[in-house]
Amino acid sequence: MKKVAAGMDIGGTNTVMGLVDEKGRVLARAGIPTRQFKTLKAYIGAVSGTIRELAGNKYTLIGTGIGAPNGNFFTGCIEFAPNLPWKGKVPLAKRFSKALRCPVILTNDANAAALGEKLFGAAKKMNDFIFITLGTGLGSGIVVNGALVYGHDGMAGELGHVIVEKNGRPCGCGRRGCLETYCSATGIVSTYVQLTGNCRNETAADSIDARYVFERARAGEEQAIEAFRFTGEVLGLALANSVTHTSPEAIFLFGGLTRAGRLLFGPVKQNLENNLLKVYRGKIKLLPSRLPESDAAVLGAASLIWNEKNTL
């Protein structure tokens with residue numbers, strides 16, 4: 001039977017999973033609502049059952065990779081994830097390994113996506129890069145010398161929670177002024193609402209999302225264009241600072257906000273270059289991810305297994 005790795009991405013709303021071969025082809029897919037189960041035991045049983053059904057008698061499962069918010073690679077636990085129904089430290093890798101009878105590796109969802117870019121995307125020939133996810137929040141994975149940076153406790157690389165504005169916008173982490181409150185789908189909406197004065201009209205503000213801001217910018221609306229320019233200014237500066245830590249060959253941007261194309265990449269690139277230390281100027285590539293958005297989460301999670309296939 002063909003050998004496959006299962007990739008699982010756990011989100012606050014949905015859990016998506018798929019079977020991935022060594023070449024990065026997604027052979028089967030499924031998804032279930034994360035919050036429909038009353039207990040963790042019921043959730044693990046349902047997800048494990050779905051993965052076994054996907055594999056059937058056709059595929060041999062060599063392992064399962066999990067990408068999840070606040071996932072700790074070293075402990076295999078999800079630790080205090082604010083948008084998931086299980087509180088505290090949850091030993092998810094251990095529980096799934098027992099249910100599926102195979103090795104299970106867990107990490108932060110952005111770290112998984114970064115590894116997916118290295119194995120299956122545009123970073124195949126790169127050993128040093130930064131991967132940024134621009135969704136509801138801002139996630140990041142940092143690769144140095146071909147390996148993900150985890151730090152001493154498995155929680156390194158949280159660029160979304162670098163403070164860029166003292167006493168700035170409130171963040172879900174409990175602090176204020178974090179990068180993701182300005183540079184994310186949520187952040188650009190907040191900027192646009194402030195620029196247009198829609199904050200005075202709660203009904204109007206609630207109907208605005210990042211796609212709306214993009215459509216207004218594409219139509220030439222000055223405030224929407226300024227929202228993208230400001231987002232690029234803040235993100236470009238933050239990325240210029242991050243370059244000094246690891247001297248990456250490239251920075252990849254991934255996620256729904258990148259669909260804005262030049263509206264986003266233009267100001268990010270300009271402000272990245274303008275704020276780089278002289279020795280780095282002209283050396284750092286700013287690139288869109290080549291992972292297919294619909295399968296990126298599954299590919300990233302499965303890459304955790306394929307990356308360790310010789311040690312499992």
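Heavy atoms only: backbone and side chains are in, while hydrogens, waters and symmetry mates are out.
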Taking [X] for the side chain and [Y] for the main chain, is one N or O donor matched with an acceptor at less than 3.5 Å?
{"X": "Lys87", "Y": "Leu84", "result": "yes"}
{"X": "Gln223", "Y": "Tyr192", "result": "no"}
{"X": "Arg175", "Y": "His161", "result": "yes"}
{"X": "Asn275", "Y": "Asn271", "result": "yes"}
{"X": "Thr186", "Y": "Thr136", "result": "yes"}
{"X": "Thr64", "Y": "Val104", "result": "no"}
{"X": "Ser140", "Y": "Gly157", "result": "yes"}
{"X": "Ser97", "Y": "Cys102", "result": "yes"}
{"X": "Ser184", "Y": "Thr181", "result": "no"}
{"X": "Glu180", "Y": "Gly187", "result": "no"}

Ignoring hydrogens, what is the shortest heavy-atom contact between [X] and [Y]? Give both atom names and the distance.
{"X": "Val20", "Y": "Trp306", "answer": "O-NE1, 3.1 Å"}
{"X": "Phe37", "Y": "Ala42", "answer": "CD2-O, 3.9 Å"}
{"X": "Gly11", "Y": "Thr34", "answer": "O-OG1, 2.8 Å"}
{"X": "Ala301", "Y": "Gly7", "answer": "CB-CA, 3.7 Å"}
{"X": "Val213", "Y": "Ala224", "answer": "O-CB, 3.5 Å"}
{"X": "Ala217", "Y": "Leu263", "answer": "CB-CD1, 3.8 Å"}

Kindly compute the distance separating [atom1] ([X]) from [atom2] ([Y]), expressed to the nearest 0.5 Å.
{"X": "Phe96", "Y": "Met8", "atom1": "CZ", "atom2": "CE", "value": "4.0 Å"}
{"X": "Leu19", "Y": "Ile51", "atom1": "CG", "atom2": "CD1", "value": "7.5 Å"}
{"X": "Phe74", "Y": "Thr107", "atom1": "CZ", "atom2": "OG1", "value": "9.0 Å"}
{"X": "Leu106", "Y": "Cys77", "atom1": "CG", "atom2": "SG", "value": "8.0 Å"}
{"X": "Leu272", "Y": "Glu233", "atom1": "CG", "atom2": "CD", "value": "13.0 Å"}
{"X": "Ile66", "Y": "Ile105", "atom1": "CD1", "atom2": "CD1", "value": "10.0 Å"}

hydrophobic_cluster_shared for [Y] and [X], side chain cutoff 4.5 Å:
{"X": "Leu237", "Y": "Val279", "result": "no"}
{"X": "Leu138", "Y": "Met155", "result": "no"}
{"X": "Val4", "Y": "Ile305", "result": "no"}
{"X": "Val162", "Y": "Leu257", "result": "yes"}
{"X": "Phe228", "Y": "Leu179", "result": "yes"}

- Message: Go through it in stages, so that I can follow the logic: the residues are Glu215 and Glu221, the test is side-chain contact (heavy atoms from CB on, under 4.5 Å), and I'd like the CA-CA distance, side-chain angles, deciding distance and then a yes or no.
- Response: CA-CA 9 Å; Glu215 294 292 348; Glu221 183 183 294; over 6 Å; no
- Message: Going by salt bridge (charged side-chain N to carboxylate O under 4.0 Å, His left out), name the residues that satisfy it together with Glu293, two or more places apart in sequence or in a different chain.
- Response: Arg259
- Listed by chain and number, what are the salt bridge (charged side-chain N to carboxylate O under 4.0 Å, His left out) partners of Arg290, not counting sequence neighbours? none
- Note on the structure: Result for side chain to side chain contact (heavy atoms under 4.5 Å, CB included) between Val143 and one of Asp128, Leu115, Leu148, Asn111 points to Leu148
- Message: Within the 3.5 Å criterion, strictly below it, is a donor on Thr191 or Arg169 matched to an acceptor on the partner's side chain?
- Response: yes
Heavy atoms, side chains only, cut-off 4.5 Å: are [X] and [Y] in contact?
{"X": "Lys118", "Y": "Phe131", "value": "no"}
{"X": "Tyr212", "Y": "Val189", "value": "no"}
{"X": "Tyr59", "Y": "Met1", "value": "no"}
{"X": "Val298", "Y": "Arg29", "value": "no"}
{"X": "Pro248", "Y": "Val243", "value": "yes"}
{"X": "Thr258", "Y": "Ser289", "value": "no"}
{"X": "Leu287", "Y": "Met126", "value": "yes"}
{"X": "Asn145", "Y": "Asn127", "value": "no"}

- Message: Go through it in stages, so that I can follow the logic: the residues are Leu40 and Leu92, the test is side-chain contact (heavy atoms from CB on, under 4.5 Å), and I'd like the CA-CA distance, side-chain angles, deciding distance and then a yes or no.
- Response: CA-CA 9 Å; Leu40 178 63; Leu92 215 62; 3.8 Å; yes
- Atom CZ of Arg35: over 12 foreign heavy atoms under 6.0 Å: yes
- When the ring centroid of Tyr43 is compared with that of Trp86, is the distance short of 6.0 Å? yes
- Task: Go through Tyr150 and Asn108 one step at a time and tell me if the side-chain contact (heavy atoms from CB on, under 4.5 Å) criterion holds.
- Result: CA-CA 10 Å; Tyr150 284 112; Asn108 176 280; over 6 Å; no
- Would you call Lys285 and Glu249 a salt bridge, using N to O less than 4.0 angstrom? yes
- Message: Please determine whether side-chain contact (heavy atoms from CB on, under 4.5 Å) holds for the pair Lys89 and Thr75, giving the CA-CA distance in whole Å, both sets of side-chain angles, and the decisive distance to 0.1 Å.
- Response: CA-CA 10 Å; Lys89 294 184 179 181; Thr75 66; over 6 Å; no
